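Note that the coordinates shown come from a computational prediction; the quantities given were computed from them, not determined experimentally.
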Amino acid sequence: MAASLLLNRVSRTNTSTLRLGFNSFFAQIHGGRISERSLATLAEGASHFDEMVSVSQRKYYLLGGKGGVGKTSCAASLAVKFASHGHPTIVVSTDPAHSLSDSFSQDLSGGVLKPVQGVDSPLLALEITPEKMKEEIKKQTGDKSVKNMMDSMGLGMFAGELGDLNLEDMLNAASPGIDEIAAISKVLQFVESPEYNRFTRIVFDTAPTGHTLRLLSLPDFYDSSIGKITKLKKKITAAASAFTSVFGKKEIQQQQPPNELDQLKERMEKVRNVFRDVDTTEFVIVTIPTVMAINESSRLHASLRKENVPVHRLIVNQLLPQSESDCKFCSVRRKEQTRVLGLIQNDTELSGLKLIQSPLLDAEIRGVPALKFMGDLIWK
């Protein structure tokens with residue numbers, strides 16, 4: 001099979017040669033199992049990539065959906081496409097089960113930005129790890145106990161029962177939501193740190209639906225929690241002032257240190273605004289042509305709409321291409337996929353999105369040249 005043989009040689013072939021190889025690939029298999037015309041028909045749902053690459057202020061692209069639908073390949077191919085069009089780009093995996101290294105066929109692990117080889121313009125990749133975030137927190141806080149940290153935030157009155165609980169013990173615990181917290185921390189760095197200003201596109205390969213929705217709702221959760229803690233602190237402070245006044249003790253006026261809770265609240269607002277800004281951010285839903293996947297995508301879009309996260313595009317991945325010689329299995333599957341595409345058109349959540357149809361290929365997409373090939377099929 002020409003496609004399999006070609007894509008399996010991707011890692012051993014340079015980019016210019018492979019580009020010629022894909023052209024000859026189409027010429028060789030024209031009239032066979034997969035034709036150039038059928039691929040063009042499959043991918044006719046335009047993604048309007050010209051708009052994506054030309055709009056200067058839209059910097060953040062988040063790709064998400066059900067597990068196993070091809071989010072990583074779609075995100076990686078989009079990042080390569082942006083970089084190939086002159087945009088310095090970062091591609092970030094927020095999925096605890098990272099696949100970026102596999103997709104690029106390069107070692108991108110370690111929780112730090114690493115350059116992707118084989119792309120003309122700067123393209124850096126990052127697989128976010130909670131372990132790296134814990135290291136950074138330890139560097140910033142030293143060997144503080146939790147009580148000392150709460151004292152520094154003006155919350156010493158809540159720390160009486162904590163004793164000398166060590167920060168390292170708390171960080172090493174497998175806390176629920178730690179992956180989302182690590183992702184939020186990195187988003188904050190992208191927003192606040194001047195070193196990231198030169199990157200005009202940041203593509204997020206997000207975790208499956210549940211993780212992603214927690215990630216997007218986390219700033220609101222923190223904002224609400226911090227607000228409640230701040231109100232409680234003010235009430236306790238007021239009660240303490242009244243108590244000292246009753247007993248005739250003069251309250252010593254001290255200059256209050258900067259409230260770190262208020263600072264954290266402001267930073268969470270920045271992240272929330274990034275996720276909801278229609279000018280700078282877009283969430284792209286990735287799905288496959290099955291009823292279960294479409295139903296989950298519909299619920300995902302409803303949740304994103306509730307969170308005011310802008311969504312404009314829906315990728316339907318792994319569509320069977322047309323074939324002149326068809327087996328019964330392929331014929332049945334293709335009819336089912338056509339029926340599912342009809343469901344999208346009748347779905348109140350999904351029908352208004354730009355539909356991008358991506359073909360099922362008979363080999364894995366691994367390495368930059370193969371991702372360029374896939375990007376040319378999807379991002380038109």
Side-chain angles (χ1 to χ4, degrees), residues 42-49 52 58 60-82 89 91-100 102-104 125 127 183 201-216 275 281-305 307 309-321 337 340-341 343-345 347 349-361 364-366 370-380:
L42 259 174
E44 63 186 0
S47 64
H48 299 277
F49 181 73
M52 298 170 73
R58 185 162 293 161
Y60 304 99
Y61 285 84
L62 298 89
L63 280 77
K66 183 179 174 67
V69 299
K71 297 183 297 296
T72 299
S73 296
C74 291
S77 67
L78 178 59
V80 169
K81 188 89 171 183
F82 277 139
T89 303
V91 58
V92 183
S93 171
T94 66
D95 191 340
H98 299 295
S99 298
L100 277 185
D102 295 328
S103 185
F104 283 101
E127 294 182 339
R201 294 292 184 271
I202 298 179
V203 179
F204 290 89
D205 169 31
T206 68
T209 305
H211 284 277
T212 300
L213 290 177
R214 283 200 299 271
L215 169 65
L216 295 174
F275 286 154
T281 304
E282 178 181 341
F283 194 105
V284 180
I285 298 176
V286 184
T287 189
I288 55 176
T290 66
V291 174
M292 290 179 64
I294 295 303
N295 287 342
E296 181 166 324
S297 298
S298 180
R299 293 191 295 269
L300 171 59
H301 185 250
S303 298
L304 293 172
R305 188 164 47 81
E307 294 287 339
V309 177
V311 184
H312 304 299
R313 293 169 177 82
L314 171 69
I315 298 175
V316 181
N317 197 19
Q318 302 178 16
L319 282 164
L320 282 171
Q337 290 184 352
V340 172
L341 289 175
L343 295 178
I344 294 174
Q345 299 304 321
D347 188 281
E349 290 292 339
L350 303 179
S351 58
L353 302 178
K354 296 172 184 174
L355 181 63
I356 306 169
Q357 301 182 37
S358 173
L360 174 67
L361 301 175
E364 281 189 308
I365 300 295
R366 296 187 67 234
L371 289 168
K372 285 183 179 179
F373 171 64
M374 182 179 183
D376 289 339
L377 287 176
I378 301 178
W379 308 107
K380 295 190 170 186

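Side-chain N or O atoms of Gln337 include one that pairs as donor or acceptor with a backbone N or O of Leu320 at under 3.5 Å. Remark: the backbone N or O of Ser73 is paired with a side-chain donor or acceptor of Ser77 at under 3.5 angstrom. Within the 3.5 Å criterion, the main-chain N or O of Lys66 finds a donor-acceptor partner in the side chain of Lys71. Under the 3.5 Å distance criterion, the side-chain polar atoms of Ser99 are left unmatched by any main-chain donor or acceptor of Asp102. Remark: side-chain polar atoms of Arg313 are not paired, donor with acceptor, to backbone N or O of Val286 under 3.5 angstrom.
Among all heavy-atom pairs drawn from Ala125 and Leu100, the shortest one is CB-CD1, 4.5 Å. Minimum heavy-atom separation, Leu314 to Leu353: CB-CD1, 4.0 Å. The heavy-atom pair separating Ser358 from Ile315 by the smallest distance is CB-CG2, 4.3 Å. When all heavy atoms of Thr94 and Ala207 are compared, the pair lying nearest together is OG1-N, 3.5 Å.
Tested against Tyr61 for a ring pair (Phe, Tyr, Trp, His ring centres under 6.0 Å), the candidates Phe204, Phe82, Phe49 yield a single pass: Phe82. When each of Leu343, Ile294, Val316 is checked for a side chain to side chain contact (heavy atoms under 4.5 Å, CB included) with Pro289, only Val316 meets the rule.
Atom CD of residue Glu282 and atom CZ of residue Arg58 lie 5.0 Å apart, to the nearest 0.5 angstrom. With rounding to the nearest 0.5 Å, the separation of CG in Leu377 from NZ in Lys380 is 6.5 Å. Note: Asn317 CG to Leu361 CG = 8.5 Å, rounded to the nearest 0.5 Å.
At a threshold of 4.5 Å between non-hydrogen side-chain atoms, the residues Lys81 and Ile378 do not count as touching. By the 4.5 Å heavy-atom criterion applied to side chains, Val203 and Leu63 are counted as neighbours. Taking the side chain as every heavy atom from C-beta outward, Glu307 and Phe275 never approach each other to under 4.5 Å. In this structure the side chain of Leu350 reaches within 4.5 angstrom of the side chain of Ile344, judged on heavy atoms. A heavy-atom distance below 4.5 Å is found between the side chains of Leu355 and Gln345. The side-chain heavy atoms of Thr281 and Phe283, taken from C-beta on, include no pair separated by under 4.5 Å.
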| message | I'd like to know whether Leu300 forms a side chain to side chain contact (heavy atoms under 4.5 Å, CB included) with Thr287, so could you lay out the CA-CA distance, the side-chain angles of the two residues, the decisive distance to 0.1 Å, and finally the verdict. | response | CA-CA 11 Å; Leu300 171 59; Thr287 189; over 6 Å; no
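Judged purely by distance below 3.5 Å, without hydrogens or angles, the side chains of Glu349 and His301 pair a donor atom with an acceptor atom.
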